[in-house]
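What follows is a single structure, written as structure tokens, with notes after it.
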Amino acid sequence: MTPTSLRSPAAPAAPTASARGTLRPIPIDAAAVTGGLWRDRIERNTAAGIPSGRAQLVTAQNIRNFEIAAGDAEGEPAGPVFADSDVYKWLEAAAWEYARRPDEQLLRDQLDLTALVARAQADDGYLNTVVPARQGGRYGELPWSHEHYCAGHLIQAAVAQVRATGHDDLLQVAIRLADHLVATFGPGKTEDVDGHPVIETALVELFRETGTRAYLDLARWFVDARGHGILEAHGHQPTYFSDRVPVREATTVEGHAVRAVYLAAGAVDVAVETGDDALLAQLERQYDAMQREKQYVTGGLGSRWEGEAFGDPYELPNDRAYAETCAAIGGIQWAWRLLLATGKARYADQIELMLLNGFLAGLSLAGTEYFYVNALQVRHDAHADDERTPANGRLGWFDCACCPPNIMRLLASLQGYVATEADGSVQIHQYAPSRISAGGARLKIETDYPWDGAVRIVVEEAPGAPLAIDLRIPEWAEGAAVDGAPVAAGSYARVERAFAAGDEILLTLPLSPRLVEAHPRVDASRGCRALVRGPLVYAFEGVDNPDVVLDDASIGAASEVAEHREPGLLGGITALEVGGLRAIPYHLWANRGPSDMRVWLPVA
Ligand code: FUB
Ligand code: ZN
């Protein structure tokens with residue numbers, strides 16, 4: 001198993017040197033999370049999540065579908081039409097995991113699975129184990145068939161595999177498939193688009209990996225083809241598919257939330273690689289509208305069960321919130337690309353919000369159970385009328401299992417989101433005990449964040465030249481200080497000098513609990529308060545408040561909030577108390593059995 005080419009393992013999104021952009025991602029192995037909340041979650045992903053995910057792909061027959069397509073087994077393919085994508089997300093997770101912690105067995109497992117995927121590929125590069133068998137042909141119903149969606153996830157896994165392991169086995173499959181797409185789709189060829197985006201960002205990344213310009217051109221065509229009636233021509237209402245308005249004219253997000261944010265992430269990739277500043281600016285406008293009008297306090301995206309969709313502005317019900325875990329992941333991908341492109345701290349704030357709340361709630365402390373839907377309220381005696389409803393508690397897998405392997409791939413690559421470089425500077429975006437090699441320096445971050453606001457940056461190796469270290473000061477961190485001097489919230493505080501090994505910087509972020517208000521147009525939360533401490537949104541859970549029915553509970557407007565460090569609870573947390581009610585971080589709810597829960601409480 002000798003890698004065909006040894007390389008520096010680039011991050012999941014690696015813009016080319018000529019791409020528009022302010023910040024550069026650092027290689028995936030140039031940062032390591034070494035302790036704290038995130039290391040615990042990452043290690044459970046290693047020890048439990050990824051292995052159990054592989055087993056679930058066998059039980060749910062996703063892998064058997066490939067055996068059938070490869071001619072190793074007989075039968076009908078099982079599962080949803082996009083069953084292949086779960087295998088590819090798992091392969092991507094396994095690849096990033098290998099970069100983090102090289103393990104021969106994990107490498108063998110992914111290469112064995114890669115060989116099976118390769119044998120399932122048609123001679124002309126087409127690859128899908130479900131659609132031809134079930135629909136009798138290819139691309140007949142692209143709005144629903146997810147053929148490009150599955151191709152996109154395959155390409156992302158292939159890029160991860162070659163970057164993380166040096167093996168190009170899956171990359172060769174991806175190139176054959178992408179060449180087939182280039183030969184089949186585009187102007188003057190088949191002018192059709194997949195109902196579910198992701199191929200856009202995947203093709204741009206394949207262009208970045210291989211230098212083949214045709215992949216970028218096709219990605220740009222897929223982005224620009226939307227909004228011109230293609231999906232309507234199939235007889236579909238276009239809103240659900242982000243196909244009502246052209247991407248470069250849309251002023252907000254609408255329709256199916258995961259589709260919308262994946263499309264936007266891919267459009268940013270296209271914009272930065274083609275120097276399309278107008279498109280980039282429009283995607284910033286869309287992000288702004290989404291954040292202002294369509295995002296839950298937890299960072300959750302998508303408020304409608306119907307169509308798993310964004311609602312109208314300020315339509316943000318708490319009990320019927322959808323807030324799919326995959327939508328938070330796509331939101332993080334979009335925000336990350338905008339952060340690289342613009343260097344604006346607000347996008348790193350958004351990544352932190354979604355990571356620690358809307359995303360992390362999707363995963364149990366054990367690391368093997370998942371929420372698909374992340375509501376902000378579960379009522380007393382709620383009836384679980386759907387597999388996805390949070391009243392079930394987290395489940396080990398789903399008939400539609402998009403979220404679990406998506407969580408695995410993000411956790412396995414999480415260190416890639418911690419820091420970036422720019423000329424002569426390093427930016428630290430996310431605070432966790434970690435080691436970062438960037439800008440010619442080696443830095444150690446010591447902190448108990450997000451429980452404690454002290455973050456110590458220790459220079460272990462200094463570059464020969466002066467270096468600027470930019471520290472993100474979250475927008476909520478009024479009163480933050482660097483080495484005792486006040487710094488402005490909502491920006492980066494720069495510390496610049498000729499560092500020497502042993503130098504330290506002390507960042508202090510105030511974590512006093514805050515009671516925040518919703519926008520008055522959000523009927524479901526009008527007159528309520530949510531409890532927030534630093535980046536963490538809190539939730540009131542029945543198990544902690546056995547003497548009240550939370551649906552009846554309220555607090556006083558000027559209630560004092562008390563905090564208690566609880567090292568033995570839920571892996572070690574800071575619990576809060578307000579108006580006689582106890583709250584824990586939202587992402588940890590439902591780890592002690594089913595319970596009622598709410599984030600917003602009315603003011604009495
Ligand atoms: O369609 C594929 C995935 O299934 C979507 O991204 C999720 O929202 C779920 O519908
Ligand atoms: Zn999902």
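The first residue in the sequence is number 1, and the count goes up from there.
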To the nearest 0.5 Å, what is the distance between [atom1] ([X]) and [atom2] ([Y])?
{"X": "Glu352", "Y": "Met354", "atom1": "CD", "atom2": "CE", "result": "11.0 Å"}
{"X": "Leu360", "Y": "Thr298", "atom1": "CG", "atom2": "OG1", "result": "12.0 Å"}
{"X": "Ile50", "Y": "Glu97", "atom1": "CD1", "atom2": "CD", "result": "4.0 Å"}
{"X": "Leu471", "Y": "Ile473", "atom1": "CG", "atom2": "CD1", "result": "6.0 Å"}
{"X": "Leu339", "Y": "Ile332", "atom1": "CG", "atom2": "CD1", "result": "12.5 Å"}

Polar side-chain atom of [X] near backbone of [Y] as donor-acceptor pair, under 3.5 Å:
{"X": "Asp551", "Y": "His380", "answer": "yes"}
{"X": "Gln110", "Y": "Ala94", "answer": "yes"}
{"X": "Ser303", "Y": "Leu316", "answer": "no"}
{"X": "Lys89", "Y": "Cys402", "answer": "yes"}
{"X": "Ser52", "Y": "Gly49", "answer": "yes"}

Pair [X]-[Y], side-chain donor/acceptor within less than 3.5 Å:
{"X": "Arg100", "Y": "Thr46", "answer": "yes"}
{"X": "Asn406", "Y": "Thr325", "answer": "no"}
{"X": "Gln427", "Y": "Asp470", "answer": "yes"}

For Tyr538, give me all partners under side chain to side chain donor-acceptor pair (under 3.5 Å), at least two apart in sequence or on another chain. none
Restricting to side chain to side chain donor-acceptor pair (under 3.5 Å), what partner residues turn up for Gln430, sequence neighbours left out? Arg472
Look at atom CD of Glu446 and say whether more than 12 heavy atoms of other residues, nucleotides or ligands are closer to it than 6.0 Å. yes
Any chance you could lay out the salt bridge (charged side-chain N to carboxylate O under 4.0 Å, His left out) test for Asp544 and Arg592, step after step, and finish with the verdict? CA-CA 10 Å; Asp544 291 315; Arg592 293 167 291 170; 2.8 Å; yes
Does a side-chain heavy-atom distance below 4.5 Å link [X] with [Y]?
{"X": "Pro404", "Y": "Trp90", "value": "no"}
{"X": "Val537", "Y": "Tyr296", "value": "no"}
{"X": "Leu283", "Y": "Arg337", "value": "no"}

Do the side chains of Asp29 and Arg163 get close enough for a salt bridge, i.e. N-O under 4.0 angstrom? no
Quick one: do Arg514 and Glu478 make a salt bridge, cutoff under 4.0 Å? no
Check: His429 ring centroid to Tyr492 ring centroid under 6.0 Å: yes
Start with the C-alpha distance between Val253 and Trp334, add both sets of side-chain angles, then the distance that settles side-chain contact (heavy atoms from CB on, under 4.5 Å), and finish with yes or no. CA-CA 12 Å; Val253 284; Trp334 183 8; 3.7 Å; yes
Criterion ring-ring contact (aromatic ring centres under 6.0 Å, His included) against Tyr417, the qualifying member of Tyr431, Trp96, Trp336, Phe359: Trp336
For Phe371 and Trp589, run ring pair (Phe, Tyr, Trp, His ring centres under 6.0 Å): C-alpha distance rounded to whole Å, both residues' side-chain angles, the deciding distance at 0.1 Å, then the answer. CA-CA 11 Å; Phe371 273 140; Trp589 89 274; 5.2 Å; yes
Side-chain donor-acceptor pairs of residues 433-443 under 3.5 Å, sequence neighbours excluded:
{"residue": "Ser434", "atom": "OG", "partner": "Ala432", "partner atom": "O", "Å": "2.7"}
{"residue": "Arg435", "atom": "NE", "partner": "Glu460", "partner atom": "OE1", "Å": "3.1"}
{"residue": "Arg435", "atom": "NH2", "partner": "Glu460", "partner atom": "OE2", "Å": "3.2"}
{"residue": "Arg442", "atom": "NE", "partner": "Glu461", "partner atom": "OE2", "Å": "3.2"}
{"residue": "Arg442", "atom": "NH1", "partner": "Glu460", "partner atom": "OE1", "Å": "3.0"}
{"residue": "Arg442", "atom": "NH2", "partner": "Glu461", "partner atom": "OE2", "Å": "3.3"}

